[in-house]
Amino acid sequence: MTYKLECLYLLKITNYTIMFDFDQYLGFLAFLTILTIGFWLMIFLVSIIPYWIGGALIESFKLKREAKRKAEENA
């Protein structure tokens with residue numbers, strides 16, 4: 001009895017349909033790759049560019065403040 005059930009179970013497992021052709025599979029992998037690269041590029045740009053702009057603004061503020069102090073010392 002159990003042997004018969006096991007055979008039926010194995011036949012049910014092997015009766016599958018192919019979801020993707022190989023070309024569609026490669027296209028899906030390419031899509032996931034591009035999506036992942038885009039996601040990490042977005043994270044990089046969102047985190048690095050504001051940091052870079054903020055650092056440049058702080059540096060220019062410090063240089064202007066230093067130039068103002070030197071001008072006041074010389075006057």
Next on the checklist: Applying ring-ring contact (aromatic ring centres under 6.0 Å, His included), can you list everything that pairs with Y25, at least two apart in sequence or on another chain?
Outcome noted: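 So Y25 forms no ring-ring contact (aromatic ring centres under 6.0 Å, His included) with any residue.
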
Checklist entry - With K62, which residues qualify under side chain to side chain contact (heavy atoms under 4.5 Å, CB included), at least two apart? => result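 In terms of side chain to side chain contact (heavy atoms under 4.5 Å, CB included), with neighbours along the sequence ignored, K62 is linked to I58, R65.
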
Item to check | With E59 via salt bridge (Lys or Arg N to Asp or Glu O under 4.0 Å) - residues at least two apart | outcome: none

Checklist outcome for this item: The remaining residues in the hydrophobic cluster of W52, counting side-chain heavy-atom contacts under 4.5 Å among Ile, Leu, Val, Met, Phe, Trp and Tyr, are L41, F44, L45, I48, I49, I53, L57

Checklist entry - With ILVMFWY side chains joined below 4.5 Å, transitively, what does W40's cluster contain besides itself? => result F39, M42, I43, V46

Item to check | Residue pair K70, E66: steps toward the salt bridge (charged side-chain N to carboxylate O under 4.0 Å, His left out) verdict | outcome: CA-CA 6 Å; K70 284 186 180 180; E66 185 180 330; 3.7 Å; yes

